[in-house]
Amino acid sequence: MALEAAGGPPEETLSLWKREQARLKAHVVDRDTETWQRDPAFSGLQRVGGVDVSFVKGDSVRACASLVVLSFPELEVVYEESRMVSLTAPYVSGFLAFREVPFLLELVQQLREKEPGLMPQVLLVDGNGVLHHRGFGVACHLGVLTDLPCVGVAKKLLQVDGLENNALHKEKIRLLQTQGDSFPLLGDSGTVLGMALRSHDRSTRPLYISVGHRMSLEAAVRLTRCCCRFRIPEPVRQADICSREHIRKSLGLPGPPTPRSPKAQRPVACPKGDSGESSGEGQPPQDHSPGPRTAPRPGSQEQAGKDWQ
DNA sequence: GCGACAG
DNA sequence: ATCTTGTCGC
């Protein structure tokens, strides 16, 4: 009877989850492991994946998980899979992965079995990577469990390690004048946790990019830039569209026919002229301390309990 | 008690 | 995350 709907999972569950995060965190590789990641034009990169989970409005359980794969640099959808799922874990800030990752993992494994040739070389994940309470956000979590390079792409700043969406932060955002402008997110601990990135000329609100797995922050930001026709990078945006559309269909709701009047002519992503950008101008001294760490092997995967209900 | 709160 | 309608600018 006494559901913890209002209070969230018990302390015991959070404790287990924290231990699981700490265990998996040891496997995160926060540097480039692929040759294309170091190439200025990302030559060698052909497929970029995106994942997302959308929710059914009045329902706290039903949701749709989607995985899409886009060609690079064209950014055309070459694969998409959506699946209705029943969520078991509640959303708790800092533990998003325990809610979403199991289903995303299934989608990746299904692709691995049925269309291995379409396996993405990197995944853009809705949420944070190392920019996280314990340095292990959903992008790290999915990265370690799939062993795919992953990038964390968050739409809001997770206020962690002294990072605050305060007046100073907002002022820095105001200084991001054009597409590609960015500034580092330096935590109190002295670590660069991620970058705030203006991903599009027509969007004031930045993205918060952080390392997920097997990719440097520099490459992560550069790749994100190359994937942005709009504010949200295409892989994530397409995954979002797919999952919402799938929910509509499954609910038998009226869907938008084809809202395209003129010939579909879409913006190009990758800016060519400037490869560098205006980060850190007129700001406190910011040095790059990558702190490369190696990680042995993925290890075994166990379920860290779904015993809060 | 107050404030924060990725998705 | 989810919902909503209009409004503004090119």
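Here is the naming used below: chain letters follow the sequence lines, and residue numbers restart at 1 for every chain. All heavy atoms count here, side chains included; hydrogens, waters and symmetry mates do not.
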So A:His133 and A:Phe95, ring-ring contact (aromatic ring centres under 6.0 Å, His included) or not? Walk me through it. CA-CA 9 Å; A:His133 305 71; A:Phe95 302 94; 7.5 Å; no
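Nucleic acid contact for A:Gly94: base, since at least one base atom lies under 4.0 Å from a heavy atom of the residue. Within the nucleic acid shown, A:Asn128 comes within 4.0 Å of at least one base atom, counting heavy atoms only. A:Val138 comes within 4.0 angstrom of a base, heavy atoms only.
Taking the nucleotide of DNA chain C with the nearest heavy atom to each of A:Arg202 and A:Arg244, the more 5' of the two is matched to A:Arg244.
Across the protein-nucleic acid pair, A:Leu207 atom CG and B:dG7 atom C1' stand 15 Å apart, rounded to whole Å. Rounded to an integer number of Å, the gap from A:Phe136 CZ to B:dA6 P is 19 Å. A:Asp240 places its CG atom 11 Å from the C1' atom of B:dG7, with the value rounded to the nearest Å. Rounded to whole Å, the distance from CZ on A:Phe98 to C1' on C:dA1 is 19 Å. Atom CG in A:Asp52 sits roughly 10 Å away from atom P in B:dG7 (whole-Å rounding). At whole-Å resolution of the value, CG in A:Asn165 and C1' in B:dG3 are 14 Å apart. The interatomic distance linking A:His141 (NE2) with B:dA6 (C1') rounds to 15 Å, in whole Å. Between A:Leu87 atom CG and C:dA1 atom C1' there is a gap of 10 Å when expressed in whole angstrom units.
For the atom pair CG of A:Asp32 and CZ of A:Arg38, the computed distance is 4.5 Å after rounding to the nearest 0.5 Å.
Under the 6.0 Å distance and 45° angle rule, A:Arg83 does not count as a cation-pi partner of A:Phe103.
Side-chain proximity of A:Phe55 to B:dA4, C:dT2, B:dA6: nearest is C:dT2. Checking C:dC3, B:dG7, B:dC5 against the side-chain heavy atoms of A:Ser93 singles out B:dC5 as nearest.
Straight-line distance between the C1' atoms of C:dT2 and B:dC5: roughly 16 Å, to the nearest whole Å.
The local environment of CZ in A:Arg112 is crowded, with over 12 non-hydrogen atoms from other residues, nucleotides or ligands closer than 6.0 Å.
Contact annotation: A:Arg99 side-chain N/O to C:dA1 OP1/OP2 distance is not under 4.0 Å. Distances shown here put a side-chain N or O of A:Lys155 below 4.0 Å from the OP1 or OP2 atom of B:dG7. Contact check, A:Ser54 against C:dT2: a side-chain N or O comes under 4.0 Å of OP1 or OP2.
By the stacking rule of 5.5 Å between ring centres and under 30° between planes, A:Tyr91 stacks on the base of B:dG7.
Classification of the A:His141-A:Phe136 ring pair by plane angle, with boundaries at 30° and 60°, yields tilted.
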